[in-house]
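Order of the sequence lines fixes the chain letters, A, B, ..., with proteins taken first and strands second; residue numbering starts at 1 for each chain.
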There are 2 protein chains.
Amino acid sequence: MAKISVKARTSSATITDVARELGVSISTVSRALTRPQLLRPETRARVLAAVEQLNYRPNLLARGLKSGRAGAILLVVPNLSPFFMEIFAGAEEAAHEAGFSVLLGHSAEDPAREIACFDQVASGRADGIISAAVPSIYASGKRPLPPLVMVMERCPERTVPLIRVDDDTGAMRATEHLIGLGHRRIAHICGNKKAQSSARRLEGYRRALDQAGLRAQPEWIHPGDYSVQSGMDAVRRLMLLKHPPTAIFCANDEMAYGAIHALHLLGLRVPQDISIAGCDDQNMAAYSSPPLTTLHIPRHDLGRRAALELIDKLQGRDVAHEVLLPTRLVVRESTAAPAAASRARPAPR
Amino acid sequence: MAKISVKARTSSATITDVARELGVSISTVSRALTRPQLLRPETRARVLAAVEQLNYRPNLLARGLKSGRAGAILLVVPNLSPFFMEIFAGAEEAAHEAGFSVLLGHSAEDPAREIACFDQVASGRADGIISAAVPSIYASGKRPLPPLVMVMERCPERTVPLIRVDDDTGAMRATEHLIGLGHRRIAHICGNKKAQSSARRLEGYRRALDQAGLRAQPEWIHPGDYSVQSGMDAVRRLMLLKHPPTAIFCANDEMAYGAIHALHLLGLRVPQDISIAGCDDQNMAAYSSPPLTTLHIPRHDLGRRAALELIDKLQGRDVAHEVLLPTRLVVRESTAAPAAASRARPAPR
DNA sequence: AAGCGCCTTGAAAACGTTGTCCGGCGACGG
DNA sequence: CCGTCGCCGGACAACGTTTTCAAGGCGCTT
């Protein structure tokens, strides 16, 4: 059978090698791999055996070039934090089922790198993009849009599907939890100013306070940027207020950790002296000291759904314009009723 | 100039479009992009201008197919934890400087997925691999090895370069730090049994005890798997010993957090009642309660060096057989001298 | 003044696939 | 018994690049 088997030593086997080994045409080999129903089962089996024996792997570059499909989607993230990595894992799960790979594009919040990521589609390396941050590419001109699905953040281009979480309602529930424990002076540390998720969480916080008849004081609302450090800074400022808050709702877990850490440094105990709640429910939340009360964000599902929608879109199917996933408040030990002294003190007007 | 400009609407511009726009051959355009020194500067500038104007992006699939180089390397990791993500960031930094992309391969500790990752080279999507876990591909047969560089773990195939950290010495220093504080009963929670890094850290721990004339008791050495949960489990067992340890050196930060958490649940304070040290120095280490004493592992450098070596190898340059990076002990607040009571108690023979 | 090189560019052949178009052959109907 | 239809599988033209080969033009040396 194997007559001419030289050259296979250097680089890996090609479809031609397989065809020659079997004495069939390359079309047959190609069909065995991509459209089995076009072949007699017996032929197909023979081809597959030869493929196995020669350890042949189709060249994805050639395949993609010819077919115009890369068979991959790209997830663009602003950083490599566990939050986005779980979205990645979710996207991978869904994509693999559909026969797609997922590439990771790390923009590092750098517009140039972000553009480079988006260019991967024009370069043929990916068929479409899931983006977790609104692309500054819009500012940069009228570049034609690649097939795109957003996660968490809405695109100015209104036709781009969005998969997000119902943060507003979630944040409202978290704040209500604090109110229900008896807190009246509840502060909020905001996330990254540019993030819509941050704005929505603030909105939910406000709504809960309104509905409870508590007037949100401007000084209770403190800017942050989702970093541990910003959580620490915020707490230092907040505790300087004439009437410091008895509870703080943070727009993510990292800032909540920062808040707790800063409070410890100030000699205050969580939750006895002050309650802290976060958002995200990262892996560590259950194990920190104290375990963190936090709003669970279904990151895995977010990634899953985004991949599903993108692939639907790529295959010409209709996609939902917006998908809203529910959050869930996980009550642990960083929140408790305020100390009697605090409770007795009147809330400022 | 632009005479025939149809079709550019549907898919993106090709090298042919650019050449036609300028009235030059496609060779010229190709050269302007890949080997500028072959062109008259003026010609090159004209081409570049047209590229810009047409927003042309070379098709990486075609380029890779023709040239036999994908221009990408693949980092294979067993999970998406921050530890490996920082290695990824480091690899990206070095690779970008050399004009390579970095792909992320998530094997999820599944041999099938791992093989799929390694096949990316045979498929032409990547030119070489950095692997953070020793590939079970060896068990699976005599597959030809792709260009490979290992990180942290040595490959059975001895010719594969290894970039690792000097964990043994690091672990020894960490343990010496505990001994220096006055601890005599020092336990160790091991990492994943299959990980060589784990074995090396155990080795360093042992050596430090030996050199201090302290006989390591077998029951002080507790298995773990790098997870928070295993840290908790280990502590529960260790504290049941007749003479429980006054300090625990954990093979990573996660387990250290688990240990601290379990101790809190037992009503013990860190570091007053027991000292805890970790390995890795993850971002949270400085902000946990208490801030964690831990052995810093230069993850970013690990990734950087690995990428550098792999690219050297791909370009036919000689590469170091083994690169050893130093660790650094970061002393924070989770370690302190043992309580007087403990110190008074005699160490077991 | 002629010849020799170098510098710059063009033409064309791959790279390994997919997919279209065709032809051959067996079965079935008239 | 012959014609037609359908199923299988082969040939070959792309896909968008890089790269080799060749050629034209210009300057310098002898």
Task: Rounded interatomic separation in angstrom, taking CD from B/Q37 and P from C/dC6 - done: 17 Å
- [ ] Check whether any side-chain nitrogen or oxygen of A/S67 sits under 4.0 Å from OP1 or OP2 of D/dC15, and answer yes or no.
- [x] no
Open item on the list: Nearest whole Å is fine: how far is D/dG6 C1' from A/L38 CG?
Closed with: 13 Å
Open item on the list: Could you tell me how far apart B/R63 (CZ) and D/dT17 (P) are, to the nearest whole angstrom?
Closed with: 8 Å
TODO: Measure from CD1 on A/I15 to P on C/dG19 and round the result to the nearest Å.
DONE: 11 Å
Open item on the list: Salt bridge or not between A/E309 and A/R305? Use side-chain N to carboxylate O under 4.0 Å.
Closed with: yes
TODO: Please work out if B/T28 contacts a base, only the sugar-phosphate, or nothing of the nucleic acid, heavy-atom cut-off 4.0 Å.
DONE: sugar-phosphate
TODO: Quickly work out the B/L65 CG to D/dT18 P distance and round it to whole Å.
DONE: 11 Å
In a table with atom names and distances, give each donor-acceptor pair under 3.5 Å that connects a side chain of residues 81-105 of chain B to protein atoms at least two apart or in another chain.
unit_1 : atom_1 : unit_2 : atom_2 : d
B/S81  : OG     : B/N79  : OD1    : 2.7
B/E86  : OE2    : B/R299 : NE     : 3.3
B/E86  : OE2    : B/R299 : NH2    : 2.8
B/E92  : OE1    : A/H106 : ND1    : 2.8
B/E92  : OE1    : A/R113 : NH2    : 3.2
B/E92  : OE2    : A/R113 : NH2    : 3.2
B/E93  : OE1    : B/H300 : NE2    : 2.7
B/E93  : OE2    : B/R304 : NH1    : 2.6
B/S101 : OG     : A/R125 : NH2    : 2.6

- [ ] Would you please confirm or rule out a distance under 4.0 Å between OP1 or OP2 of C/dC6 and any side-chain N or O of B/R40?
- [x] no
Task: A/D17 CG - C/dC15 C1' separation (whole Å) - done: 13 Å
Open item on the list: From the set D/dG16, C/dT18, D/dA11, return the single nucleotide nearest to any side-chain atom of A/S27.
Closed with: D/dA11
- [ ] To the nearest Å, give me how far apart NZ (B/K66) and P (D/dT18) are.
- [x] 10 Å
Open item on the list: Under 4.0 Å from OP1 or OP2 of C/dA11: is there any side-chain N or O of B/S25 that close?
Closed with: no
Open item on the list: Taking 4.0 Å as the cut-off, does a side-chain nitrogen or oxygen of B/T14 come that near to OP1 or OP2 on D/dG16?
Closed with: no
Task: Full working for side-chain contact (heavy atoms from CB on, under 4.5 Å) between B/V51 and B/V47 - done: CA-CA 6 Å; B/V51 162; B/V47 173; 4.2 Å; yes
TODO: Assign B/R44 to base, sugar-phosphate, or nothing according to its heavy-atom contacts below 4.0 angstrom with the strands shown.
DONE: nothing
Open item on the list: So, under a plain 3.5 Å distance rule, would you say the side chain of A/R35 forms a donor-acceptor pair with the base of C/dG19?
Closed with: no
Open item on the list: Please classify the nucleic acid contact of B/I26 as base, sugar-phosphate, or nothing, using heavy-atom distances under 4.0 Å.
Closed with: base
- [ ] Could you say whether B/Y56 or B/R31 is positioned toward the 5' end of DNA chain D, judged by the nucleotide with the nearest heavy atom to each?
- [x] B/Y56
Task: Close side-chain approach of A/I163 and A/V149, heavy atoms under 4.5 Å - done: yes
Task: Donor-acceptor pair, side chain of B/D127 and main chain of B/I73, under 3.5 angstrom - done: no
Task: Donor-acceptor pair present, A/R57 side chain and C/dG16 base, under 3.5 Å - done: no
Task: Rounded interatomic separation in angstrom, taking CG from B/L61 and C1' from D/dG16 - done: 10 Å
Task: OP1 or OP2 of D/dT19 under 4.0 Å from side-chain N/O of B/R69 - done: yes
